[in-house]
Engineer: 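Okay, handing you the structure first.
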Amino acid sequence: MTFRIRKRRRIFVELICSQSRSSAVGTKGNSPVSNRLPAGAVDCEAKNMKENIYGLLAEFDTPTEMVEAANKIREAGYKKTDAFSPFPLHEIDEALGIKRSILPFLVLAGGVIGLLTGLGLTYFVHVYDYPIIVGGRPFFSLPSFIPPSFELTILFAAFTAVFGMILLNGLPQPYHPVFNVPRFALATREKFFLLIERRDEKFDYEETKSFMQSLNPQEVFDVEE
Amino acid sequence: MIRNTNFDAPAEQINRWRTLALGIGGILSIVILIVALLFPEQREQALRSWLLGFIFWGGIGIGGLGVLILQYLTGGAWGIVIRRVAEAASRTLPIIFVLFLPVMFGITYIYEWTHLPNDPIVQLKQPYLSVQWWIIRAVLYFILWGVMAYLLNRWSAAQDQTNDADTALKLTNDASKFSGPTMVFYVLVVSFAAIDWVMTLDPHWYSTIWGLLFAAGWALSFFCFAVAILAALSDKAPMNRILGSRHFHDIGKLMLALVMVWAYFNFSQFLIIWSGNLPEETKWYLTRWEGTWKVIGILLIFFHFAFPFLVLLNRDLKRKAKWLAIMAIFILVLRLVDMYYLIGPSPRIGMNGQEVDFINSFSWMDIVAPFAVGGIWLWWFFGELLKRPLVPINDPYLEGAIEHGKGH
Amino acid sequence: MQDAQKLKTTERRLRPKMIEGEHTFGTVSDRIGGITLKRRTPFGWFIGFGIGFLIVQVLMSTITYLLFTGVGVFGNNQPVGWAVPIINFVWWIGIGHAGTLISAILLLLNQKWRTSINRFAEAMTLFAVACAGLFPLLHTGRPWLAYWMFPYPSTMGMWPQFRSPLIWDVFAVSTYATVSLLFWYVGLIPDIATLRDRAKNKYFKIAYGLLSMGWRGSARHWHRYEIAYLLLAGLSTPLVLSVHSIVSLDFSVSQVPGWHATIFPPYFVAGAIFAGFAMVLILCIPLRVWYNLKDFITDAHLIYMGKVMLATGLIVVYGYAMELFFGWYSATEYERFMIYNRVWGGPYWWFYWLLILCNGVSIQFLWFKRFRESAFWLFIISLIVSVGMWLERFVIIITSLHRDFLPSSWGMYSPTMWDVSMFVGTLGLFLTLVFLFVRFLPVISIFEIRTLLPQANVHGHSEDFEENVIDVQDTEKT
């Protein structure tokens, strides 16, 4: 780890695009990535393998294989798991036991706050703070206040949806240990990955690794911190 | 496989409904008829109440024709499971015409403009607001609707008979091709029918959005009606093998969309007239902004829009046939209230231009007449529903559509 | 067996495949991502961008002259106080509507064909709204005081007038621009992550890395992502309807004959979608040829868009018909005069007939397969419709204003060269932004295209995106 950081001149750049090492590989598909790393790095990884490991990552070729494997992982009792795919897969939610997000309720709350803001603002402005007759209409011209209130409802709800999603997902997060696996760059292209984290109660390096091997993946990688 | 299955409607059940409908409709119609014949001073009220029932139930039938055309255009599984209900509704046009006859013959009792030869505004509209032209136009509307309904129904019946996949496909394609231009005419005819039958109740008032308001409103009425019928059939053979929760979900979404469209059109109309503040337009709303009319108007905002909107947002509710049907019937009742809100406060001949307030306008017949018209209409409708299998058995999409209903 | 084969082909014809050719997740990513990641920029791009950029200079000169001289440089004058600037504003904002319609409404309707065109339709929305926004901003003459339009506690103690449709417009258009931007950005995040992992150029890597926020395709992220995306679609649908409705209220809440009509909101919305689809076609017909994207933007897509154009165009024509009928039926002197003046009696009558020709007659060709299935004719009709929609606003705004209630204040309108150069300038701005977008961001949503591939199914489950496949399999069994 230290070795690699020393080699980097631009830590910032690396944090932003942490998987840059592997990026050139992606378009080629199956070229053996690890060959491209400096030999020292591989040695270093080998020595510290168990101390700084974040988890184990298994690579699959098709979504079906991954979902089947994910079902087995859940049945085996692993909780701190995750899956990575280049597009959303509805089946994986069930397979990993992902609970339905609270986001819709947050958005509803955002919308209600927006509506109240709109109505409150227009009421405050035209009835309380600066009442003035314009166009012969009453101070409290509710029909006229509906369009701006509606727009604010939508605006607040949309903000909640987007920023709620981003924050609940813990983004922006430029660095994540999975990016240390060079082939993980393919997760945004065509490959499917399953992760079991070390934090999991059932995690045991040897045992978990052989369990993951048994799921018939393309390969199982160690993910370093 | 699917061709050998029996998809006929459950005759016993439907015949029971049919008898019940005819019983209620027949008796109540006779009551209204007696009142209209024996009490001349009640005749205007009886006919106006009849008009209310006619616009509501006729709207469901004509809306069914519109949905029939629409589903050929859009495709989709909901269109296939709803098609036979829509076809049966479109084949009620003959009875709708019969139910229209009292309105046609009672035109001088219902429409104030028939008594205002010296009114300057009515004079300017003379070519349009004349009894002969009004009747000719009405007959023309029925002829045009009749042609649309006849052709679509004939092709669909031919499809049931055929054994050839190519012919079956060709018939669906023909119907789709026919539906494109037909939709244009359908909306135009509905617009002018709505203008003739409802808007001219107040001969001075006008609103450009009126036709769309009715085209969308009648489609909503039909969707609600169809959901009620499908839900009632969903636990009996053959529909229990066909209908899935996703079908109801899809139709529920359409109901939600149309509830929103209803609110959108009405609010647009209100906001523009309220802001423009022109005397020739605001009068219509001013009458409806008094006393009990105002209460009904506010009721409509909450129960024709806000409440169904919030309830129909719920995904799980839309997927349960029974709950969606309860909501659909609730909206249907409010559709009737909405029609009453449009028809009830309009000027009356007997009142010589006085403001029409709720107390001396509302009559027991406003409640009885919709039941009378509805009973007769439903009797005919159920008869038509029995005539054909409940799904288009040879439609190339049928299997896909059944499969679709079982999905998430 | 033969029967099954026949049914299978008919299924294919009835529900055309949305992706042509043999593709895998990888080739999809490369084909679309490659447009931006290619090291050499094609020469044609420089030509297109250069032309756009030159025209932007026209816009810049106009704005400079306008700011130094004042709004008098435009031809607006009594009685035509609203003229070409607001025509252009409405024209541009209308064009923007197709983007949100495609991305939101068609998503809710579960229409697969939106996937190939939603990305650049959304981009087009943003650029069109940007062009539109320039007109109200600059017609004030003092754009640096534009913040006065927003409600904030000022030392002057003044507030915006919420009873005025123009303030509704400020809220509607700014909300629309913001939500469209968010929608577009959210859709882009996974694709930018794809580009980040493919890019070789260091600066691109940093830029894409920053923009993708560390997206890694985690299942938990996708779960919230999809919910957020659907919710945004649900919110954008009423929003897009409200925006052009409010634009129409700018006119219809007044009392000017020709403006004050209750059908205006839905009629304007239909017109906006109509114009928007025309612009999407104008952009994507050349795009799919130049960038070899015919596998993703297939002929089926063009046909669908042609049909939407026909449907919305017919609603617009319905609006014209209702305007004519109610102009007469209202029995109001002013309304009847307005129709007379607009259609045959006034000096601008030929604009009306040109409009009918462009919007009413030209689209009737779309009834015929021959025209709907020919990219060339679709392109021509789209161009005609774009002109027609501009004329529609001309007829509504200028023809209605130039004959006021008082004959003494009747007059004619003539635009100045600055009116023209401002409009042409925004066309250049639009073009420039489109070229920049095509160069730096994926023009088609890569991750959504992946979901359309048959490989994307998880076997033993039935899900939305499988429908195409299931149908064919079922007919094979029978």
Side-chain angles (χ1 to χ4, degrees), chain A residues 13 16-17 19-20 23-24 26-27 29 62-64 67 82-93 96 98 101 103-104 107 121-122 125-126 129-130 134-135 137 141 144-145 147-148 150-152 154-155 157-158 161-162 164-165 168-169 171-174 176 178 185 187-190, chain C residues 24-26 29-30 151 157-159 161-163 167-168 171-172 175 178-179 182 186 190 193-194 196-200 202 205-206 208-210 213-228 231-232 235 238-239 242 246 249 447-448 450-451 455-459 461 463:
Chain A
V13 174
I16 300 295
C17 27
Q19 62 284 59
S20 57
S23 60
T27 41
T62 68
T64 312
V67 170
D82 205 349
F84 304 90
S85 56
F87 54 85
L89 277 170
H90 299 157
E91 292 81 0
I92 199 74
D93 294 353
L96 290 181
I98 297 175
S101 172
L103 195 58
V107 172
L121 175 72
T122 45
V125 165
H126 285 323
D129 194 52
Y130 202 132
V134 170
R137 291 175 204 152
S141 295
S144 298
F145 297 164
F150 174 82
E151 299 300 332
L152 284 178
I154 300 284
L155 185 68
V162 174
M165 182 271 287
L168 286 174
N169 280 348
L171 301 175
Q173 186 182 11
H176 190 276
V178 286
T188 56
R189 179 184 151 93
E190 57 187 346
Chain C
T24 66
F25 299 133
S29 318
D30 295 341
M158 296 288 281
W159 293 99
Q161 176 52 258
F162 285 108
R163 297 184 193 93
I167 274 304
W168 308 342
F171 275 66
T175 301
T178 315
V179 175
L182 289 175
V186 167
T194 302
R196 169 198 69 196
D197 295 351
R198 304 276 96 71
K200 294 180 189 125
K202 190 174 70 193
K205 254 190 243 177
I206 296 176
Y208 291 139
L210 280 170
M213 298 193 296
W215 181 264
R216 53 185 189 273
S218 154
R220 288 187 170 73
H221 291 186
W222 276 126
H223 172 75
R224 293 192 197 96
Y225 179 90
E226 284 221 291
I227 292 178
L231 286 170
L232 269 182
L235 292 167
L239 174 66
S242 80
I246 287 175
L249 292 174
F447 85 89
E448 283 178 288
R450 289 189 194 116
T451 64
Q455 298 95 300
N457 309 331
V458 174
H459 299 302
H461 294 259
E463 268 299 335

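In what follows, every chain begins at residue 1, and chains take the letters A, B, ... in the order their sequences are listed. Side chains included, hydrogens not; waters and symmetry mates left out as well; all remaining heavy atoms used. In this text, all values refer to a predicted model and were calculated from it rather than measured experimentally.
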Engineer: Measure A/D93 against the heavy atoms of chain C and call it side chain, backbone, both or neither at under 4.5 Å.
Structural biologist: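 Interface part for A/D93: side chain.
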Engineer: Can you tell if the side chain of C/I227 reaches within under 4.5 Å of the side chain of A/V107, non-hydrogen atoms only?
Structural biologist: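 Not touching, per the 4.5 Å side-chain cut-off.
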Engineer: Give the minimum heavy-atom separation between A/L103 and C/R224, together with the two atoms involved.
Structural biologist: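 Reported closest heavy-atom pair: CD2-O, 3.9 Å.
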Engineer: Examine distances only and state if a side-chain atom of C/W159 and a backbone atom of A/Y130 form a donor-acceptor pair shorter than 3.5 Å.
Structural biologist: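 It does not hold such a pair.
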Engineer: With rounding to the nearest 0.5 angstrom, report the CE to CG distance, C/M213 to A/N169.
Structural biologist: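 Separation between the atoms: 8.5 Å.
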Engineer: Which pair of non-hydrogen atoms, one from C/L232 and one from A/A158, has the smallest distance, and what is that distance?
Structural biologist: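 Distance-wise, the nearest heavy atoms are CD2-CB, 3.8 Å.
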Engineer: Does any heavy atom of chain C fall under 4.5 Å from the side chain of A/I98, the backbone, both, or neither of them?
Structural biologist: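 Looking at A/I98, just its side chain touches chain C.
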Engineer: Can you list everything that forms a side chain to side chain contact (heavy atoms under 4.5 Å, CB included) with A/A83? Sequence neighbours excluded, please.
Structural biologist: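 By the side chain to side chain contact (heavy atoms under 4.5 Å, CB included) rule, A/A83 matches A/M66, A/I92, A/L96, A/L194, C/A219.
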Engineer: Is a donor on one side and an acceptor on the other found under 3.5 Å between the side chain of C/R198 and the backbone of A/A185?
Structural biologist: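 The answer is yes, because a donor-acceptor pair under 3.5 Å joins these two groups.
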Engineer: Below 4.5 Å, heavy-atom pairs only: which of A/P63, A/A187, A/G135 has the largest tally toward chain C?
Structural biologist: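 Of the options given, most contacts go to A/P63.
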Engineer: Compare all side-chain heavy atoms of C/L239 with those of A/E151 and state whether any distance is below 4.5 angstrom.
Structural biologist: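 Yes - at least one pair of side-chain heavy atoms lies under 4.5 Å apart.
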Engineer: Return yes if some donor-acceptor pair links the side-chain N/O of C/T194 with the main-chain N/O of A/R189 below 3.5 Å, else return no.
Structural biologist: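 No, the answer is negative, given that no donor and acceptor are paired below the 3.5 Å cut-off.
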Engineer: Which distance, rounded to the nearest 0.5 Å, do you find between the CH2 of C/W215 and the CZ of A/F84?
Structural biologist: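 Nearest 0.5 Å value for the CH2-CZ distance: 11.0 Å.
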Engineer: Taking every heavy-atom pair that is under 4.5 Å apart, which of C/V179, C/I167, C/L182 has the most such pairs with chain A?
Structural biologist: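 Max contact count across the listed options: C/L182.
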Engineer: Show the nearest heavy-atom pair for residues C/P238 and A/I154, with the distance to one decimal.
Structural biologist: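 Looking at all heavy atoms of both residues, the closest pair is CG-CD1, 4.2 Å.
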Engineer: When rounded to the nearest 0.5 angstrom, what distance separates OG1 in C/T175 from CG in A/L152?
Structural biologist: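 So the gap between those two atoms works out to 6.0 Å.
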Engineer: For C/L235, which atoms come within 4.5 Å of any heavy atom of chain A: side chain, backbone, both, or neither?
Structural biologist: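 Looking at C/L235, backbone and side chain both touch chain A.
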Engineer: Return yes if some donor-acceptor pair links the side-chain N/O of C/W168 with the main-chain N/O of A/S144 below 3.5 Å, else return no.
Structural biologist: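 Yes.
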Engineer: Among A/P148, A/A161, A/P104, single out the residue with the greatest number of heavy-atom pairs under 4.5 Å to chain C.
Structural biologist: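 Going by pairs under 4.5 Å, I would pick A/P148.
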Engineer: Pick one of side chain, backbone, both or neither for A/T122, based on which atoms fall under 4.5 Å of a heavy atom in chain C.
Structural biologist: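 Answer is both: backbone and side chain atoms of A/T122 are under 4.5 Å from chain C.
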Engineer: Taking every heavy-atom pair that is under 4.5 Å apart, which of C/H223, C/E448, C/M158, C/E226 has the most such pairs with chain A?
Structural biologist: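 Result: the option with the highest number of such pairs is C/H223.
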Engineer: Identify, with sequence neighbours excluded, every residue that meets side chain to side chain contact (heavy atoms under 4.5 Å, CB included) alongside C/Q161.
Structural biologist: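 By the side chain to side chain contact (heavy atoms under 4.5 Å, CB included) rule, C/Q161 matches A/H126, A/V134, C/R163, C/S164.
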Engineer: Run A/L171 and C/H221 through side-chain contact (heavy atoms from CB on, under 4.5 Å) and show every step you take.
Structural biologist: CA-CA 9 Å; A/L171 301 175; C/H221 291 186; 4.0 Å; yes
Engineer: Quick check: do A/P88 and C/Y225 have side-chain heavy atoms less than 4.5 Å from each other?
Structural biologist: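 Sidechains of C/Y225 and A/P88: no contact.
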Engineer: Any side-chain heavy atom of C/F171 within less than 4.5 Å of one from A/L155?
Structural biologist: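 C/F171 does not reach A/L155 side chain to side chain.
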